[in-house]
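Read through the structure below, which is laid out as structure tokens, and then see the notes.
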Amino acid sequence: MNIPGKSIRAFIGAKDYTISRQFYSDVGFEEIEIPGNMSYFYMGEFGFYLQDAYVKDWVDNTMIFFEVDDLPNTLKHIQSLQLTEKYENVRLSEIVYKPWGNVFFLHDPSGILWQIGTFKSA
């Protein structure tokens, strides 16, 4: 059976909800606040839920892959935001070239690992 879907939205935690909300706004996501200490962050058609909840094992093992069209310019944009200077624990890598595609890594203030990349054509 083919299930016609519209989106998949991850739920991620925050060690400090206020700081994480500001971080994602700085990255360029728009925010919709949801009652119950949760927000929906989106960029175009893509989004995720940020919760005011922190379980270390959960957050430390959360990874999100965000596929983009122009990886070098996306990295330049993220670098220009100076997130590693503004937020404690934020880390940003250079582009890593893999057989399947290219990717760089961004850790948010809580430790959520974002893999931002492109896939090679088949």
Side-chain angles (χ1 to χ4, degrees):
M1 176 179 166
N2 185 2
I3 301 172
K6 295 183 104 178
S7 71
I8 293 177
R9 300 178 182 186
F11 287 76
I12 63 173
K15 193 170 193 177
D16 184 312
Y17 184 61
T18 301
I19 289 173
S20 290
R21 288 176 65 200
Q22 185 60 55
F23 172 82
Y24 286 111
S25 293
D26 287 351
V27 169
F29 287 95
E30 299 291 327
E31 179 184 14
I32 298 172
E33 292 184 60
I34 299 170
N37 294 331
M38 188 178 346
S39 293
Y40 177 65
F41 282 89
Y42 66 95
M43 191 179 292
E45 297 292 318
F46 306 101
F48 62 93
Y49 294 97
L50 179 71
Q51 301 176 89
D52 186 10
Y54 180 75
V55 177
K56 183 175 177 18
D57 287 343
W58 168 46
V59 169
D60 286 352
N61 287 291
T62 299
M63 292 185 284
I64 298 173
F65 192 97
F66 184 32
E67 185 179 8
V68 297
D69 289 325
D70 187 342
L71 190 62
N73 281 330
T74 301
L75 177 57
K76 285 179 189 170
H77 171 70
I78 297 291
Q79 289 170 329
S80 75
L81 301 174
Q82 299 183 323
L83 299 169
T84 57
E85 289 82 18
K86 185 172 182 180
Y87 295 97
E88 189 176 341
N89 300 321
V90 169
R91 295 179 301 184
L92 178 63
S93 77
E94 294 296 324
I95 295 174
V96 177
Y97 300 92
K98 302 279 191 178
W100 53 264
N102 305 320
V103 63
F104 68 85
F105 305 99
L106 175 65
H107 290 83
D108 84 352
S110 300
I112 302 289
L113 172 59
W114 284 78
Q115 298 185 40
I116 301 170
T118 57
F119 294 105
K120 289 187 177 174
S121 300

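- For Phe105, there are no ring pair (Phe, Tyr, Trp, His ring centres under 6.0 Å) partners two or more places apart in sequence or in a different chain.
- Contacts classified as ring pair (Phe, Tyr, Trp, His ring centres under 6.0 Å) and involving residues 50-76 (residues at least two apart or in different chains) are given here: Phe65-Phe119.
- For Tyr49, the ring pair (Phe, Tyr, Trp, His ring centres under 6.0 Å) test picks out Phe11, Tyr40, with sequence neighbours left out.
- The salt bridge (Lys or Arg N to Asp or Glu O under 4.0 Å) check on Lys56 picks up Asp60, with sequence neighbours excluded.
- For Ser39, the side-chain hydrogen bond (donor to acceptor under 3.5 Å, both in side chains) test picks out Tyr17, Glu31, with sequence neighbours left out.
- Under the rule for a ring pair (Phe, Tyr, Trp, His ring centres under 6.0 Å), the partners of Phe41 that lie at least two apart in sequence or sit in another chain are Tyr24, Phe48.
- Judged as a salt bridge (charged side-chain N to carboxylate O under 4.0 Å, His left out), the pairs with a partner in residues 76-88 (not counting sequence neighbours) are, in order, Asp26-Lys86.
- Remark: Asp57 engages no residue in a side-chain hydrogen bond (donor to acceptor under 3.5 Å, both in side chains) (not counting sequence neighbours).
- With sequence neighbours left out, Glu94 forms a side chain to side chain contact (heavy atoms under 4.5 Å, CB included) with Leu75, Gln79.
- Under the rule for a side-chain hydrogen bond (donor to acceptor under 3.5 Å, both in side chains), the partners of Glu33 that lie at least two apart in sequence or sit in another chain are Arg21.
- In this structure, Asp69 has no side-chain hydrogen bond (donor to acceptor under 3.5 Å, both in side chains) partners at least two apart in sequence or on a different chain.
- Contacts of Glu30 classified as salt bridge (Lys or Arg N to Asp or Glu O under 4.0 Å), with partners at least two apart in sequence or in another chain: none.
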